[in-house]
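One structure is given here, and the rest of the page talks about it.
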2 protein chains.
Amino acid sequence: MGCDVMNPTFGFVTNQLKKHNIRLSNRRLKVLEYLCNNQNHPTVDQIYVNLHKDVPTLSKTTIYNTLHTLVEVGLVRVINIEDNETRYDILTEDHGHFKCDSCGKIFNFNVDLDSFTTYELSGFRIMDRNLYFKGICQRCLLNINKNY
Amino acid sequence: MGCDVMNPTFGFVTNQLKKHNIRLSNRRLKVLEYLCNNQNHPTVDQIYVNLHKDVPTLSKTTIYNTLHTLVEVGLVRVINIEDNETRYDILTEDHGHFKCDSCGKIFNFNVDLDSFTTYELSGFRIMDRNLYFKGICQRCLLNINKNY
DNA sequence: ATAAATAATTGTAATGATTACAATTATATT
DNA sequence: AATATAATTGTAATCATTACAATTATTTAT
């Protein structure tokens, strides 16, 4: 498993934290570890439910705080696809998302957003680019065809 | 002012409603009128506050219901940029959004999303494509430079 | 046109995610 | 070791959205 930006490991991210002068508390490390090991664009609740098994005293507020800190320094990205569920992504590299309406899974795909430009935005400072699609993933499409 | 898809007028949209067999109630027409006349990607609350002046008995629930109906038949699009504010767009044509972090305004820009494809999503059924940028708009950049 | 059926609208209460804040605990600095 | 600073917690508050039952309006069938 590579220790690069496209697949950030725990070690890579903790180093980044040190660079940004963010204290490596146990709780923060737990959240980071989860994000690295489960690159499934989790919600706060998913993180909470999972970590709560190991660390019963971990609070949701801490997860919110940690994520906000990480987003601030650019180590984590916010994904807004559905209006009622904010998701978090340890992958900050340029890529798009596909959310399956059937199984709910979110897939990454490569796309060169950073180089996109248009005369309509000349004079604008673009700081964040997001592309997401919705639809039905291959697996669900196959299942639907099987059942009908 | 043109009565085409890129700039939908009230007349155009009511015709679309008839096509879809959606009853043209007064409340629905008010909401539609607002969306057509104020193409500023409003939140439910903005719609509510504005229409409430004229129609004091209009409820937020009705606005939600109306918007859901319109989204269902594809006359209105949902915009999820910020996690805490869902916005609605009467422009259903293929385009991107830019949200200014300073003034909060949302700008449209043309981009050919519909033709985008990638081998990673082969076998997927894409039903909805969204692209949004965040940053500082030209006007705010100029103001910042003026003040400092 | 009238009665019955269906759809639209409303208001209230519930839900659920997120935030505010004060109290406590842990870590770093002197 | 004492003090200052940062992290964490729990509770309560906020805010957008939804559920639902009651009411009103509109359509359809007679």
Given atom [atom1] of [X] and atom [atom2] of [N], what is their separation to the nearest angstrom?
X: R87(A); N: dT18(C); atom1: CZ; atom2: C1'; answer: 16 Å
X: I22(B); N: dA7(C); atom1: CD1; atom2: C1'; answer: 12 Å
X: L17(B); N: dA8(C); atom1: CG; atom2: C1'; answer: 14 Å
X: L24(A); N: dT8(D); atom1: CG; atom2: P; answer: 10 Å
X: L70(A); N: dA7(D); atom1: CG; atom2: P; answer: 11 Å
X: L51(B); N: dT9(C); atom1: CG; atom2: C1'; answer: 15 Å
X: E82(B); N: dA16(D); atom1: CD; atom2: P; answer: 13 Å
X: Y64(A); N: dT11(D); atom1: OH; atom2: P; answer: 17 Å

Checking all strands, does [X] fall into the base, sugar-phosphate, or nothing category for heavy-atom contacts under 4.0 angstrom?
X: T86(B); answer: sugar-phosphate
X: T57(A); answer: sugar-phosphate
X: D45(A); answer: nothing
X: N65(B); answer: base

Phosphate-side-chain proximity, H68(B) and dT17(D), N/O vs OP1/OP2 below 4.0 Å: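 For H68(B), the contact criterion (side-chain N or O under 4.0 Å from OP1 or OP2 of dT17(D)) is not met.
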Any R28(A) side-chain N or O less than 4.0 Å from OP1/OP2 of dT8(D): yes
Listed nucleotide nearest any side-chain atom of T62(A), set dA8(C), dT8(D), dT12(C): dT8(D)
Candidate nucleotides dA6(D), dG10(D), dT26(D), ranked by approach to the side chain of R23(B) - the nearest: dT26(D)
Whether F107(A) and F98(A) hold their rings parallel, tilted or perpendicular, with breakpoints at 30° and 60°: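 Perpendicular.
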Over 12 foreign heavy atoms within 6.0 Å of CZ, R125(B):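 12 or below, so no.
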Pairwise 5' ranking along DNA chain C for N84(A) and N26(B), keeping only the more 5' one: N26(B)
Y119(B) ring center near F109(A) ring center (under 6.0 Å):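 Centroid separation for Y119(B) and F109(A): 6.0 Å or greater.
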Test item: H52(A) side-chain N/O and N50(A) main-chain N/O as donor-acceptor pair under 3.5 Å: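 No; zero donor-acceptor contacts below 3.5 Å.
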Close side-chain approach of L51(B) and E33(B), heavy atoms under 4.5 Å: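 With C-beta onward as the side chain, the pair stays apart.
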Closest-nucleotide ordering on DNA chain D, the 5'-leading residue of V55(A) and V44(B):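 The answer here is V55(A).
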